[in-house]
Amino acid sequence: MAAGDKLTSAVGALMRDAATRAIMPRWQALAEYQIESKVSVGTLPDVVTIADHEAEAILTEGLSRLLPEATVIGEEACAADPSLLARLGDPLCWIVDPLDGTNNFAAGKPPFGILIALAEHGETVAGWIYDCLTGRFCHANRGRGAYIDGHRAAARETGASTPVAANSLIYMAPDRRARVSAAIAPHYTLVDIPRCAAEQYPRLVLGENDVAIFERTLPWDHAAGALFVNEAGGKVARPDGSPYRVDEYERPGLIGAASPRLWDQMAARLPVS
């Protein structure tokens, strides 16, 4: 199914509502008891806040009304019941990160946002990215381009003589992390990651970063952003060139780039194992 303007308008309104009601009232106002540790779907401990839970409840209810036939798969619901991940290959499913960049939010610093994707049989067909602080709204529909605040977006390189890379290596095994760092560091200007996919993917389109590599590829982190960059003319794919699928969340490794040329360069430099 194609996600048209009407659906995008409804999803955008829902994201803004969740931000207004559940997230922004707690920005820099969280009590200690409103921040908890959780076991994430991955290898490292994580944090979750009352804003994550309340935003996901609002989004789940609203998305269920928009497309009753679609499964809703939220990050926090999966943390509570990992069996939901088996539904990522359903004929139609929403994928929700109710508060991307929770660690930043809990620490009282930006960036953070909301990510929503719509997938058919494991393939992302639409994605929406909302920056709660600035109101920036990015969206993309498969085969129909990418947009920022209603304007068509075209990915552009930074133009720096040494490409700018923001690489998320935290989930790599230490020995592989060392090999990857040694292989790519001489060729790039390395910058800190924002610890927020809702910020990192737009940076690849806006000419702020040239490339990014990721090890963990959970769907709520990457489904919307990967589609957005690809539809803007950049490239996000597995290191072997295969497309990102939401139902292959256990598969490690993903490269994003502001152009296919930069993607090819990084893929050639990245150690195979």
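No experiment lies behind these values; they were computed from the predicted model shown.
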Checklist outcome for this item: Heavy atoms of Leu133 and Met24 approach each other most closely as CD2-CE, 3.6 Å
Item to check | Option passing side chain to side chain contact (heavy atoms under 4.5 Å, CB included) with Trp94 (candidates Ile73, Leu59, Val72, Thr60) | outcome: Val72
Item to check | Asp210 side chain to Thr158 backbone, donor-acceptor under 3.5 Å | outcome: yes
Checklist entry - Do you reckon Val125 sits in the same ILVMFWY cluster as Leu14, going by side-chain contacts under 4.5 Å, direct or chained? => result yes
Checklist entry - If only atom types and distance count, is the side chain of Glu231 paired as donor or acceptor with the main-chain N or O of Gly143 below 3.5 Å? => result yes
Checklist entry - When you measure from the centre of the six-membered ring of Phe105, is the NZ or CZ of Arg26 under 6.0 Å away and within 45° of the axis? => result no
Checklist entry - Do the side chains of Arg142 and Glu120 get nearer than 4.5 Å, heavy atoms only? => result yes
Next on the checklist: Let me confirm one number: the CD-OG1 distance from Glu248 to Thr217, rounded to the nearest 0.5 Å.
Outcome noted: 8.5 Å
Checklist entry - Is there a donor-acceptor pair under 3.5 Å between the side chain of Asn167 and the backbone N or O of Leu169? => result no
Next on the checklist: If you apply the rule side-chain hydrogen bond (donor to acceptor under 3.5 Å, both in side chains), what do you find for Ser168 with Arg216, and how did you get there?
Outcome noted: CA-CA 9 Å; Ser168 180; Arg216 191 176 72 167; over 6 Å; no
Next on the checklist: Measuring only between side-chain heavy atoms, which start at C-beta, is Ile193 closer than 4.5 Å to Ile170?
Outcome noted: no
Next on the checklist: Determine whether the aromatic ring centres of residues His222 and Tyr201 are separated by less than 6.0 angstrom.
Outcome noted: yes
Checklist entry - Do NZ/NE/NH1/NH2 and the carboxylate oxygens of Asp247 and Arg245 come within less than 4.0 Å? => result yes
Next on the checklist: Working to the nearest 0.5 angstrom, can you tell me the gap between Cys138 SG and His151 NE2?
Outcome noted: 12.0 Å
Item to check | Least distance between heavy atoms, Ala232 atom then Val205 atom | outcome: CB-CG2, 3.9 Å
Item to check | Nearest-0.5 Å distance, CD1 of residue Ile129 to CG of residue Asp100 | outcome: 9.0 Å
Item to check | Shared hydrophobic cluster for Trp220 and Leu227 (ILVMFWY, side-chain gaps under 4.5 Å) | outcome: no
Item to check | Connected via hydrophobic side-chain network under 4.5 Å: Val246 and Leu84 | outcome: no
Next on the checklist: Can you give me the closest heavy-atom contact between Ala224 and Leu115, atom names plus distance?
Outcome noted: CB-CD2, 4.3 Å
Item to check | Donor-acceptor pair, side chain of Gln28 and main chain of Gly108, under 3.5 angstrom | outcome: yes
Checklist entry - Short question: side chain of Arg21, backbone of Glu54 - any donor-acceptor pair under 3.5 Å? => result no
Next on the checklist: Taking Val96 as the starting point, is it possible to reach Phe137 by hopping between hydrophobic residues whose side chains are less than 4.5 Å apart?
Outcome noted: yes
Checklist entry - How about Asp192: does its CG atom have over 12 heavy atoms from other parts shown lying under 6.0 Å from it? => result no
Next on the checklist: How long is the straight-line distance from CG of Leu30 back to CD1 of Ile35, given to the nearest 0.5 Å?
Outcome noted: 5.0 Å
Next on the checklist: What's the separation between atom CZ in Arg179 and atom CD1 in Ile184, rounded to the nearest 0.5 Å?
Outcome noted: 13.0 Å
Checklist entry - With side chains defined as the heavy atoms from C-beta onward, is the minimum distance between Ile50 and Tyr33 less than 4.5 Å? => result no
Checklist entry - Transitively linked via ILVMFWY side-chain contacts under 4.5 Å: Leu66 with Ile114? => result yes
Next on the checklist: Using the rule given for side-chain contact (heavy atoms from CB on, under 4.5 Å), can you reason through Val11 versus Thr8, listing the C-alpha separation, both sets of side-chain angles and the distance that settles it, and then say yes or no?
Outcome noted: CA-CA 5 Å; Val11 171; Thr8 286; 5.8 Å; no
Checklist entry - Between Ala19 and Pro25, which heavy-atom pair has the shortest distance, and what is it? => result O-CD, 3.9 Å
Item to check | Main-chain N/O of Met172 paired with Arg177 side-chain donor or acceptor, under 3.5 Å | outcome: yes
Checklist entry - Is it true that a side-chain atom of Gln200 and a backbone atom of Ala166 form a donor plus acceptor pair closer than 3.5 Å? => result yes
Checklist entry - Under 4.5 Å between any side-chain heavy atoms of Pro111 and Arg136, yes or no? => result no
Item to check | Residues, nucleotides or ligands: over 12 heavy atoms within 6.0 Å of Arg16 CZ | outcome: yes
Checklist entry - About how many Å separate CG of Leu99 and CD of Glu76, when rounded to the nearest 0.5 Å? => result 8.5 Å
Checklist entry - Between the side chains of Asp52 and Thr49, is a donor N or O closer than 3.5 angstrom to an acceptor N or O? => result yes
Checklist outcome for this item: Nearest heavy-atom contact between Gly113 and Cys132 is CA-SG, 3.9 Å
Checklist entry - Above 12 or not: heavy atoms from other molecules or residues under 6.0 Å from CZ of Arg87? => result no
Item to check | Pair Leu218-Glu75, side-chain contact (heavy atoms from CB on, under 4.5 Å): steps then yes or no | outcome: CA-CA 9 Å; Leu218 296 172; Glu75 178 179 5; 6.0 Å; no
Checklist entry - Are the side chains of Arg238 and Tyr244 in touch, meaning some heavy atoms are under 4.5 Å apart? => result yes
Item to check | Polar side-chain atom of Asp97 near backbone of Asp221 as donor-acceptor pair, under 3.5 Å | outcome: no
Item to check | Heavy-atom pair with the smallest gap, counting every atom of Ile255 and Met266 | outcome: CG2-CG, 3.9 Å
Next on the checklist: Run Glu208 and Glu199 through side-chain contact (heavy atoms from CB on, under 4.5 Å) and show every step you take.
Outcome noted: CA-CA 11 Å; Glu208 297 176 21; Glu199 172 67 15; 4.1 Å; yes
Checklist entry - If only atom types and distance count, is the side chain of Asp90 paired as donor or acceptor with the main-chain N or O of Leu92 below 3.5 Å? => result no
Next on the checklist: Working note: Val191 + Arg203, criterion side-chain contact (heavy atoms from CB on, under 4.5 Å); need CA distance, chi angles, decisive distance, verdict.
Outcome noted: CA-CA 12 Å; Val191 297; Arg203 286 183 182 183; 5.7 Å; no
